[in-house]
Amino acid sequence: MDFDELYQAIILDHSKRPRNRGTLPPPATHGSGFNPACGDEVTVFVRQSPEGRIDELAFESQACAICTASTSLMTTQVKGKSREQALALQRRFIDFLTKNTPEEGLGNLRALGGVKKFPQRLKCATLGWHALEVALSEADRGPVTSE
Amino acid sequence: MIVNLPGLADRYRADFPILAQDVNGHPLVYLDNAASTQRPTAVIEELARYYREDHANVHRGLHTLSSRATALYEKARERAAQYLNAERPESIVFTRGTTEAINLVAASWAERLKSGDGILLTEMEHHANLIPWQIVAKRTGAKLHFIPVEGDGEVDWSQLEKYFREHPIRLVALTHISNSLGCVNPVSEVCRVAKKHGAVTLIDAAQSAGHSTLDVRAIGCDFLALSGHKCCGPTGIGILYGRPELLNEMEPYQYGGEMIVSVSFENAQWKPPPYRFEAGTPHIAGAIGLAKAFDYLDRVGRPAIEESDHYFGRTTADRLREIPGLRLLGPKGDRAGILSFQLGTIHAHDLVAFADQQGIALRGGHHCNQPLTRKLGLIATARASFYFYNTVSEIDRLVTVLRAAIKYFGE
C-alpha cells in the first residue's frame, strides 16, 4: 500500500526517536527552514572542522513525521562528510525525489522514496536539508522558507 | 447502517452526488466542510443550464440573451437580499467571496479612519478578517485591539463594554462562527453594544451563511461578508451586505466597465451602489448558482441545518474527549460542527494523511489562524467540520481512525 510505503518502519522509527536531537553552541553554525503552508520549522546545527569537515550535527524540529525523520536520517548520513560531499548528497537526494534519479549512494535515505507518490509531502522531506544548506553557508540570511 | 438523529442526511445526502464515492478504497467521509461544502445537483444543474440556455454579458446588451442574463443576475441579488433579510437588493454587492468583501470595506469605508481610531477584532479572526485591518492600521494610523481567546477557546464577552470605554473604537469586525474554535459568537449583542458607542460593525459570516438563519437586521450589523462555496454555492462568488446609508457614501474599490454613469477623457461618475462596487463583468453564473443554493438551503430549512450542526458539534466533542491524549479546542458547551484538535504528539499532517488513507477528508494546518494557533502553543491542528449531509456513523468512522492513528504513530 502506498501509505505504508510513505511511512516505512524506518521513517516511523526516526520520527519517534530522532537521532541527534538537540542544539550545538557557537561556534557551531545553524540554519532554519520554515514551511509557511503548515508552520513546520526545523533548525539544524553544524560544527565544522577548519578543513570544512562536518564533525557534529544536531537539530530541533516542530514538524511532521516525514520532516523529522528525513532530518534525523540526514544527520546520520552527513556526519563526517565534507561540506561539498554533504551538498552533493543533498542534491542527489532531492533529485531522487523530484526527478526519479537512481537511488544509489543514498543508503537508508531511500526509505523516503514513498514521498514520490505524495508530491504534497515533498516539502516535508526536504525542509531539513534546506536548513542544512543554510547552516553550512554560515551566512546570516535568516530562515529559508520551503517556497 | 446509517444512524442519524438529526435526520437530514437520510433525506438530503443523495442530493450531493460527489459524496457517493470511494476514496482510497473506503466510502468517502467528507469532514472538510468549513473549507468548502459540496454542491447539490440543483446547483450543479443550474450552472450548466444557465450556460447552455441564457448566457450573455449583463447590463449592456439590448439583445434577448443579455436581457435574460441580466434578469437572472438581478433576481439572484433579490434572492440574496431575501436570504439575509436585507433592506433592499441594492444592499447586496456580489464579490469573489468573503475575503474580497472584507477587502472592499477595508479599502473603501476604512479610508475615513484617522490616527488613533480603534478597530476591535477578536484573536480568533481568520487571516481574511485580520490582515486587511493590519493594512488599514498601517495606512491610516488606526489602532488594532483584540478581544482575547482564553484557555483552549473561550471568550469573556462580559468585558465587551470595556473596550469601548477605554478606546475610541470606530469599527468592530468579528467572525460569527469561528473556523478554528467552532464557537458561535454573540454577534447581535456585539452589534448592539457597538452601535450604542457609535462604532460600525462587520460580521464575517463565512462559516455561518450556510449553517444558520442569517438576518442582518436582527443582527443589527452594518456589513456582513459571506462566501458562496461554503454554503452549497459555486466557488468565486460571495456577498458583501452593506447598510444602504453606508454603501451610498463609499467610494468604489475597483474601477472599470459596468460601474460608471458617464466617462470623459479626464473624469468619470459612478453608478449608485451596488453597481459602483462591481467593476468589470461579474461572476454571473456564480450569482445565479448561489441564488439556487439559497433556494436549496431554505428548502432543507436553516433552523434544521443549525440544529444538526450543533448536534454534530456537541456529539463529536463528547466522543473526541473520550480519546486519550486528545486536546480539543473551542468552547466547552454548545458549539457548531467545527472541531479542531491535537492528538497526542501526532502532527496534524501525518494524521490527515492517515485519515485520508481511510477515505476520511480532514483539514490539517493553522486554518488561516496562525496567531491564535501560536498563542495556544500549537503549530498545526487537525480539523473535522460537519454539514447536514453527514451522518452519525461518520462520527464513528472518525473516532475509529483517530484511535488507529494513535496505534500507528504512537510509541
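All chains are named by letter (A, B, ...) in the order of the sequence lines, taking the proteins before the strands, and each is independently numbered beginning at 1.
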A.B. asks: Mind ranking B:Gly365, B:Ala353, B:Ala380 by heavy-atom pairs under 4.5 Å with chain A and telling me who comes out on top?
C.D. replies: B:Ala353

A.B. asks: Quick check on B:Ile18: does its CD1 atom have over 12 non-hydrogen neighbours (other residues, nucleotides or ligands) under 6.0 Å away?
C.D. replies: no

A.B. asks: Taking atom CD of A:Glu56 as the centre, does the number of heavy atoms from other residues, nucleotides or ligands within less than 6.0 Å exceed 12?
C.D. replies: yes

A.B. asks: State, to 0.1 Å, how close A:Phe34 and B:Arg374 come at their nearest heavy-atom pair, and which atoms those are.
C.D. replies: CZ-NH2, 4.0 Å

A.B. asks: Return yes when atom CZ of B:Arg397 has more than 12 non-hydrogen atoms of other residues, nucleotides or ligands closer than 6.0 Å, and no otherwise.
C.D. replies: yes

A.B. asks: Would you say the side chains of A:Asp40 and B:His349 form a donor-acceptor pair under 3.5 Å?
C.D. replies: no

A.B. asks: What distance separates A:Ser15 OG from B:Ile346 CD1, expressed to the nearest 0.5 Å?
C.D. replies: 10.0 Å

A.B. asks: Side-chain contact test, heavy atoms from C-beta onward, threshold under 4.5 Å: evaluate it for B:Asp350 versus A:Tyr7 and give yes or no.
C.D. replies: yes

A.B. asks: What closest approach, in Å, do A:Lys16 and B:Phe409 show between heavy atoms, and which atom pair accounts for it?
C.D. replies: CE-O, 3.1 Å

A.B. asks: Does atom NZ (B:Lys375) have a neighbourhood of more than 12 heavy atoms from anything else shown, all under 6.0 Å?
C.D. replies: yes

A.B. asks: To the nearest 0.5 Å, what is the distance between CD on A:Glu41 and CD1 on B:Ile379?
C.D. replies: 7.0 Å

A.B. asks: Contact between B:Tyr408 and A:Asp4 at the side-chain level, heavy atoms closer than 4.5 Å - yes or no?
C.D. replies: yes

A.B. asks: Is it the case that over 12 heavy atoms from other parts of the model lie below 6.0 angstrom from the CD atom of A:Glu104?
C.D. replies: no

A.B. asks: How long is the gap from OG on A:Ser61 to NE2 on B:His347, to the nearest 0.5 Å?
C.D. replies: 9.0 Å

